Amino acid sequence: MPESSETTVVLPAHLHARPAGQVVVTAAKFTSAVEIVYGAKTANARGVLALLALGATAGETVTVRATGPDAPQAAEAVATALRTTA
Amino acid sequence: MSGTVGLVLVSHSPDLAAGLRDLLRQVAGDAVAVTVAGGDDDGGLGTSYELIRDAIAEAGSGEGVVVLPDLGSSVLTAKALLEQHPDPKVRLVDAPFVEGAVAAAVIAATGADLDAVVDAAEEAWHARKL
């Protein structure tokens with residue numbers, strides 16, 4: 001049964017190219033599917049261009065949602081990447 | 001990480017290819033082999049069959065190589081080269097140059113296989129900026 005886990009992150013910087021790349025690389029280490037939700041938009045964490053198109057800016061809150069057997073670990077790792085990649 | 005799919009950037013302009021490679025390093029890190037074939041044999045604007053051939057050889061890791069041309073004769077020269085030297089592990093991909101390269105490099109950095117990297121580059125056609 002797939003587990004689901006969500007955590008929110010206040011972005012320290014715009015979700016621009018480098019952090020978006022880190023999100024993809026980090027999410028790929030887990031088997032869970034990971035999505036980033038910003039307002040009404042949702043982007044799969046496998047697509048760097050979709051993440052960039054969220055247009056999420058510094059100070060805004062995004063939700064990291066993971067679904068799968070390692071959902072809590074995946075959500076936390078991606079959230080950490082977002083909090084620490086400038 | 002053992003071996004990722006490599007990328008070859010083929011551009012009329014050596015500066016354009018080198019600049020895009022810099023961007024890819026920043027977004028995707030150093031794990032992915034990105035080589036460039038920019039300009040003609042004399043370093044001017046144009047396309048070089050030999051430079052493309054060498055860049056493909058340099059990018060090859062055994063996992064496969066994705067060749068991304070910018071436009072025009074870059075496409076035609078790369079296409080001619082791969083038709084004369086067909087290799088299932090070397091794929092010429094129809095994708096937007098910058099967006100396709102960024103998407104492909106990031107997916108390649110995750111250790112994805114050749115098909116997944118090709119798909120990521122092609123999906124860039126559908127990525128809206130706004």
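Quick note on labels: first sequence line is chain A, next is B, and so on, each numbered from 1. Keep in mind it's a predicted model, so treat the numbers as computed, not measured. Heavy atoms only: backbone and side chains are in, while hydrogens, waters and symmetry mates are out.
Hydrophobic clustering (side-chain heavy atoms under 4.5 Å, transitive across Ile, Leu, Val, Met, Phe, Trp, Tyr) keeps B:V36 apart from B:V8. Residues A:V25 and B:V32 fall into different hydrophobic clusters, defined by Ile, Leu, Val, Met, Phe, Trp and Tyr side chains chained together at heavy-atom separations under 4.5 Å. Side-chain heavy atoms closer than 4.5 Å link hydrophobic residues (I, L, V, M, F, W, Y) into clusters, and following such links, even through other members, never connects B:V118 to B:V10. Following chains of ILVMFWY side-chain contacts shorter than 4.5 Å, one can reach B:V90 starting from B:L81, so the two form part of one hydrophobic cluster. B:V5 and B:V67 fall into different hydrophobic clusters, defined by Ile, Leu, Val, Met, Phe, Trp and Tyr side-chain heavy atoms under 4.5 Å apart, directly or through other members.
Residues of residues 14-27 of chain B having a heavy atom under 4.5 Å from any heavy atom of chain A, listed by number: B:Q26, B:V27. Residues of residues 48-56 of chain A lying within less than 4.5 angstrom of chain B, judged on heavy atoms, are A:V48, A:L49, A:A53 in numerical order. Contacts from residues 9-19 of chain A to chain B, taken as heavy-atom pairs separated by less than 4.5 Å, involve A:A17, A:R18 in sequence order. Residues from residues 98-105 of chain B that place a non-hydrogen atom less than 4.5 Å from a non-hydrogen atom of chain A comprise B:E99, B:V102, B:A103, given in numerical order.
Contacts of B:A124 with chain A are made by both backbone and side-chain atoms, with heavy-atom separations under 4.5 Å.
With values rounded to the nearest 0.5 angstrom, B:T110 atom OG1 is found 5.0 Å from A:R46 atom CZ.
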